[in-house]
Enquirer: 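Let me begin by handing over the structure; questions about it come next.
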Amino acid sequence: MRILGIESSCDETAAAVVEDGAAVVSSVVASQLSTHGPYGGVVPELASREHLRAIVPVVRAALERAGTDFTGLAAVAATAGPGLVGSLLVGLTYAKSLAFARGLPLIAVNHIEGHIHAVLLEAKREGLPVRFPALALVVSGGHTHLFEVSERFDYRLLGKTRDDAAGEAFDKVAKLLGFSYPGGPVIDLLAPHGNPRAVRFTPAKMKGNTLDFSFSGLKTAVLRWVEARGMREEIDARRRLLKTTPHPGTEQWLEATPPATLDLLASFQRTVVDELLRRATAAAEQIEANAMIVSGGVACNTGLRAAAREARLPCPVYFPSPGLSTDNAAMIAAAAFPKYERGEFSGLDARAQANLTLALQ
Ligand code: KG4
Ligand code: ZN
């Protein structure tokens with residue numbers, strides 16, 4: 001039973017064919033990094049235009065690599081939100097037109113649910129099915145959420161960021177220091193070269209729901225640190241490096257980054273990782289979780305993976321492989337599978353919703 005998944009919520013145009021919610025038959029991701037990189041963030045208008053260019057060839061490639069045409073599909077699934085509305089519209093509208101033209105059921109999927117299913121998909125494939133209730137930490141450029149996930153895939157929101165998402169904090173700190181976009185991978189690369197205990201950041205204290213996150217204070221603390229040291233020349237040198245070398249390697253970054261800045265990066269990453277794991281652990285204990293799922297772009301972070309392995313967590317923890325951590329369409333097709341089994345189809349009036357929520361608190 002094969003589902004075609006389509007994802008276009010942010011800056012990746014992706015399509016994938018997934019069988020029985022477990023086997024990724026094909027997965028194609030067209031990244032727009034080179035378009036947005038020079039701007040240090042995603043430019044919504046450019047994203048929509050790039051999706052329009054990529055959607056037809058990306059879907060065609062996913063079908064070709066799966067060795068199938070539309071007759072081999074049981075349904076078409078697409079991300080309906082949350083995300084950039086112009087971007088979402090491209091994928092969802094294309095999915096609707098395919099469903100209509102080929103007489104296939106349409107399944108609208110929440111992007112965050114997709115991230116959770118990226119982990120469930122791999123666990124199922126490897127014969128290590130996740131036990132429920134599970135605690136899901138979805139941590140990306142747009143989201144930092146803790147959910148309770150039931151066996152029926154009902155979701156309860158336990159905590160979320162009150163300001164920046166964790167990935168956004170990585171991106172903003174990297175940008176402020178003159179590193180490339182997205183900032184997560186470059187900080188991850190350089191953090192092991194610094195001392196994670198060198199700079200002390202005060203952890204955010206949350207009034208009200210103690211499972212909520214806040215990263216804007218940390219970002220401001222980094223800004224203050226930078227201002228106090230007058231790092232203009234160093235930052236400009238990295239910006240110049242980026243102009244001549246759009247993708248510097250580790251050696252080039254290290255040459256352009258003095259030890260004190262490496263210490264700052266290491267300490268920043270450690271603080272984010274500690275905050276994420278501290279609250280995820282508390283949430284897992286609160287719901288007596290049998291599994292912890294970490295997903296979204298920041299789940300690629302090697303510091304987070306290492307800390308989760310070393311921490312005394314109350315239950316087993318699951319991370320997706322890096323290719324399934326960042327935005328992709330296999331996770332959308334996988335999330336659609338239980339909906340297909342339950343006959344939860346969407347009409348052709350399904351709407352793209354920038355602020356679509358997965359669950360209420
Ligand atoms: O899931 P994703 O591809 O898109 C969203 O739904 O936002 O996540 C992208 C985010 C970016 O903020 C990026 O900096 C972050 O994930 N990211 C990382 C790493 N790789 C990607 N953050 C920390 N460490 C990484 N290795
Ligand atoms: Zn995402």
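Throughout, numbering of the chain's residues begins at 1 and tracks the sequence. First listed ligand is number 1; within each ligand, the first listed atom is number 1. Just so it is clear, the model here is predicted, and its values are computed rather than measured.
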Enquirer: If you look at every heavy atom in Asp171 and Gly184, which pair is closest and at what distance?
Expert: OD1-N, 3.6 Å

Enquirer: What atoms of ligand 1 come closer than 4.0 angstrom to any heavy atom of Gly184?
Expert: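 Result: 14 (O), 18 (C), 19 (C), 22 (N), 23 (C), 24 (N), 25 (C).
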
Enquirer: What protein heavy atom sits nearest atom 24 (N) of ligand 1, and how far off is it?
Expert: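 Here the closest protein heavy atom is Asn301 ND2, 2.9 Å.
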
Enquirer: Would you sort out whether Gln252 and Thr250 count as a side-chain hydrogen bond (donor to acceptor under 3.5 Å, both in side chains), showing the intermediate values?
Expert: CA-CA 6 Å; Gln252 280 165 304; Thr250 316; over 6 Å; no

Enquirer: When you measure from atom 2 (P) of ligand 1 to every protein heavy atom, which one gives the shortest distance, and what is it?
Expert: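 Going atom by atom, the protein heavy atom closest to atom 2 (P) of ligand 1 ends up being Asp327 OD1, 3.5 Å.
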
Enquirer: Quick one: look up the protein heavy atom nearest atom 8 (O) of ligand 1 and list residue, atom name and how far away it is.
Expert: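 I find the closest protein heavy atom is Gly297 CA, 3.4 Å.
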
Enquirer: Side chain or backbone of Asp188 under 4.0 Å from ligand 1, or both, or neither, by non-hydrogen atoms?
Expert: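 Just the side chain.
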
Enquirer: Output yes when Glu275 and Arg279 qualify as a salt bridge under the 4.0 Å nitrogen-oxygen rule, no when they do not.
Expert: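 Judged by the 4.0 Å cut-off on N to carboxylate O distance, Glu275 and Arg279 do form a salt bridge.
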
Enquirer: Does an N or O from Thr302, backbone or side chain, lie closer than 3.5 Å to an N or O of ligand 1?
Expert: no

Enquirer: So what's near the Zn ion (ligand 2), protein N, O or S atoms under 2.8 Å?
Expert: His111 NE2, His115 NE2, Asp327 OD1

Enquirer: Nearest to atom 9 (C) of ligand 1, what protein heavy atom do you find, and at what distance?
Expert: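 Looking at atom 9 (C) of ligand 1, the protein heavy atom closest to it is Gly141 N, 3.8 Å.
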
Enquirer: Could you say whether the N/O atoms of Pro182 and ligand 1 ever approach to under 3.5 Å?
Expert: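 No; the residue has no nitrogen or oxygen that sits under 3.5 Å from a nitrogen or oxygen of the ligand.
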
Enquirer: Nearest 0.5 angstrom please: Leu104 CG to Phe345 CZ, how far?
Expert: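 That separation rounds to 10.0 Å.
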
Enquirer: Going by the angle between their ring planes, with limits at 30° and 60°, are Phe268 and Phe170 parallel, tilted or perpendicular?
Expert: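 Aromatic pair Phe268/Phe170 classed perpendicular.
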
Enquirer: Pick one of side chain, backbone, both or neither for how Asp171 approaches ligand 1, counting any non-hydrogen atom pair under 4.0 Å.
Expert: side chain

Enquirer: Do you know the tightest heavy-atom contact between Met292 and Ala284?
Expert: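 Smallest heavy-atom distance, with atoms named: CE-CB, 4.1 Å.
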
Enquirer: Using distance alone, determine whether Gly296 and ligand 1 share an N or O pair under 3.5 Å.
Expert: no

Enquirer: Where is the tightest heavy-atom contact between Glu7 and Cys10, given as atom of each residue plus distance?
Expert: OE2-N, 4.1 Å

Enquirer: I'd like to know whether CD of Glu288 has more than 12 heavy-atom contacts from other residues, nucleotides or ligands below 6.0 angstrom.
Expert: no

